[in-house]
Amino acid sequence: MAESNFDTRIDYYPTHEHEGIKYRRGHVLPFGATMVPNGVNFSIYSSAAYSCTLVLFEKGAPQPYTEITFPEEFRIGNTYSMIVFDLDFETLEYGYRMDGPFEPEAGHRFDKTKILSDPYAKAIGGRDKWMDPPDWDNIYPHRSRLVFEDFDWETDMPLETPIEDLVVYEAHVRSFTKHDSSGVKNKGTFAGIREKIPYLLDLGINCLELMPIYEFDEYEHSKTNPETGEMLINYWGYSTLNFFAPKSGYAATGKYGMQVDELKTLIKELHKNGIEVLLDVVFNHTAEGDHRGPTISFKGIDNNTYYMLTPEGYYFNFSGTGNTLNCNHPVVRSMVLDCLRYWASEYHIDGFRFDLAAILGRAQDGSPLNNPPLLESLAYDPVLAKCKLIAEAWDAGGLYQVGSFPAYGRWAEWNGKYRDTLRRFLKGEEGLVGELSQRLQGSPDLYSTRGTAAGINFITCHDGFTLYDLFAYNEKHNEANGENNNDGNNDNFSWNCGWEGETDDAGINTLRHRQIKNALTILMVSQGIPMILMGDEMGRTKYGNNNTYCHDNDLNWLNWDLTEKNADLYYFARHIINFRRNHPVLRNKDHFRNSDYKGTGYPDISFHGTQAWNADWSGSSRVLAIMLDGGHAKNGFTTDDTVYIAINMHWEALPFELPHLPEGKSWHVSVNTDMPSPYDFHKLNSEPVMENQYSCILGPRSVVILLGK
Amino acid sequence: MQIDINTENSILIITLKGSIDSKTASEVQQKVLEASVESDNVIIDLTKVDFVSSAGLRVLLMVYRQIKSKNGKVILVGVSEEITEVMEMTGFINFFEIIDTVTNALSSF
């Protein structure tokens, strides 16, 4: 009954025909190409085109099989839409030609000789398999395709884990399993990650943050390193071709066009195992570069809308990559919103980390806005309401907003100050105890009204040194990047522990491992959300290269043999991550009140040093201890053991006087990074009682965790 | 695409040969569903199927669901290693019962 009613709808039948292809007026919304009964609905926007032509290809064919210009009556406002009938969903590739003015000074760069990819395409062909040699003469290299959006999620939904309970693991899809040592079947793919879920569970993380997975061109700006002959490519993928399409080359099934199902299957499996998925999204620029760059999509569709342009019609370059997406243009804002809604609803993504997010708060002329409409829209969006929104709160144009990013009660941010303070303190700089205490507390100095959950704490991320290299190199060693070591950050706040690079010196290697354990420990006991970089749990090195964006080799691929070579680090990392997850006292949502509001006899947090209740805040101090009262765990909503964390970054051992515990409780040792493995930690719930309940010796450059229970 | 339909012990055995993709999927769907009017117990033999595309997997799943909804039973047999792998990576495998040979499938009813 219902079906026959559907058949009687008049829009199920064509009204026009061109070269045997039947079509009719389409629906303006949604933008993009949408499967409808009997055909596909195409809809696209351009504010300044004179006319628009739909170009259809059979998959892989060098030339289109037809081109249909939108009749004028199919245009509504600045949109063009049509339904084309009897298309093969699976083998269709489509694009557009836009005829319009070429007047760069007015912002227009139309070129009707170019076939343009749909900004709303759900899949992009052309880089189906990673590093498959492209046809450089292809008249349409990055082709829009259709995808089935009927994935069976069964009961899955985004996990909605409270953000303060997350332990984030930042990984690159290909790097994670590409190395032979990964032992997975489909190396370097979404399917490969799925095979490593047991590892992630063993490690104890509950949130996987993936470096960009939107379709990008690994060949963009590719060149040969003159010294090594190696090919340098766009490996990390911080250069988007299309915001709705997952990277086909990251899917083992990409060659069959099934990357969407493979990625969704991965997400569903991660969710089944309690692991959230965050995407690192790059909305600050596109792969089209500046006026010298290629015309792939946006530039030829509506340059003036999609990009921030100088008064002369050139590209503002706040991203450091040639162009800047015009995020606060209302049309672009809608696209970003549509895109994130799509990923949240179709892919069940749990949250997003926005690359160079300060750009998202700039006006169309580049100036910072007080109340950026895009950030506000995202914060209040009904579909994104439970998604984590995390900003990299700076850009390449000098805007640095850590602590001041427009948050609307929703946004968290990468806490760059946490990274810098921790690095400097760990390498032994003095005068940082006050700042360290802020970082341990979730940076109330930065986020006084936003709570601890506003800050993603990290010491390392994909940019910069790995944790191992932080203690093995004083200087960056980026020669392999082919830019004479001029690229990459110079302010690494690193310390090589006495020798630059690899060494056989047992003392230095012991110290490096201890420093890694110190760093992981402080990270995991800090209020706020900890993020660790893939491989830091096993002492991964990039040999001092702090900017490996261009290497498809061992500099990026995780060597899984390190879990054995550096077994002590892996066991320790696993312990300290699980320690955090087992102790709610470490995971407050709101800041400490520095008072005993639960009447336990102890304030929620107290500060100590070599003397109990008397922290040394002086300029030459390198020691701090804090005690978190278990009666005030999770802002007083639950109870826990009392946790005492003592940190000594002095080069000599120091005795720490311990605060007294209430009658019936005693101090137990959980962690002492000064001890050799396996005595550097004690398993959860089997921590031994300390013989001496009054004081404790902290070795040089070491951290101790005690439990009062 | 060649589609042969036989019955053994009132169990339908549908033997497919060729590729199941967007070009052949609707034919497969139509024929299998037509045939399944005769019996709710169906074996789909993919031994001679060299490729199942995204659209092909969807048709198999649709057929599977429709027969299941009549309290019927569908078994896939002769699924090549490559097709099995694709089905694993894309999650489709979780929805199907797969048995190695027609003989073993027959004895499972």
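Every chain is numbered from 1, with letters handed out A, B, ... down the list of sequences. Only heavy atoms go into these numbers, but all of them, side chains included; no hydrogens, no water, no symmetry mates.
The shortest side-chain heavy-atom distance between B:T90 and A:K264 does not fall under the 4.5 Å cut-off.
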Could you pull out all donor-acceptor pairs under 3.5 Å where a side-chain atom in residues 44-52 of chain B meets a protein atom, sequence neighbours excluded?
residue, atom, partner, partner atom, Å
B:D45, OD1, B:T47, N, 2.9
B:D45, OD1, B:T47, OG1, 2.4
B:D50, OD1, B:S19, OG, 2.8

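To the nearest 0.5 Å, the span separating CG on B:L57 from CG on A:D261 amounts to 8.0 Å. In this structure, OG on B:S54 lies 7.5 Å from CG on A:D150, to the nearest 0.5 angstrom. Atoms CD1 and OH, from B:I83 and A:Y256 in turn, are 9.0 Å apart once rounded to the nearest 0.5 Å. To the nearest 0.5 angstrom, B:S22 atom OG is 10.0 Å from A:L92 atom CG. Note that CE of B:M89 is 10.0 Å distant from OG1 of A:T265, once rounded to the nearest 0.5 Å.
Contacts of A:E269 classified as salt bridge (Lys or Arg N to Asp or Glu O under 4.0 Å), with partners at least two apart in sequence or in another chain: A:K272.
Contact annotation for A:E195: neither backbone nor side-chain heavy atoms come within less than 4.5 Å of a heavy atom of chain B. When heavy atoms are compared at a cutoff of 4.5 Å, B:L61 does not approach chain A at all. Looking at A:K268, the atoms closer than 4.5 Å to chain B (heavy atoms on both sides) all sit in the side chain, from C-beta outward. The contact between A:F148 and chain B is made by backbone and side chain atoms together, counting heavy-atom distances below 4.5 Å.
Using a 4.0 Å cut-off between charged side-chain N and carboxylate O, A:D152 and B:R65 make a salt bridge. In this structure, B:E85 pairs ionically with A:K185, as a charged nitrogen and a carboxylate oxygen lie closer than 4.0 Å.
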Yes or no on side chain to side chain contact (heavy atoms under 4.5 Å, CB included) for A:E262 and B:V86, after CA distance, side-chain angles and deciding distance?
CA-CA 9 Å; A:E262 186 177 322; B:V86 169; over 6 Å; no
Please report the C-alpha distance between A:E90 and B:S53 in whole Å, then the side-chain angles of each, then the deciding distance to 0.1 Å, and finally whether the side chain to side chain donor-acceptor pair (under 3.5 Å) criterion is met.
CA-CA 8 Å; A:E90 209 160 60; B:S53 77; 2.6 Å; yes
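Contacts of residues 95-109 of chain B with chain A at a heavy-atom distance below 4.5 Å involve B:F95, listed in sequence order.
Counting heavy atoms of neighbouring residues, nucleotides and ligands inside a 6.0 Å radius, atom NZ of A:K129 does not exceed 12 of them. Surrounding CD of A:E19 are more than 12 heavy atoms belonging to other residues, nucleotides or ligands, all under 6.0 Å away. The environment of A:E17 atom CD is dense: over 12 non-hydrogen atoms of other residues, nucleotides or ligands sit within 6.0 angstrom. For A:K22, the NZ atom is loosely surrounded, since the number of other residues' heavy atoms within 6.0 Å does not exceed 12.
For residues 66-92 of chain B, no pair satisfies ring-ring contact (aromatic ring centres under 6.0 Å, His included), with sequence neighbours left out.
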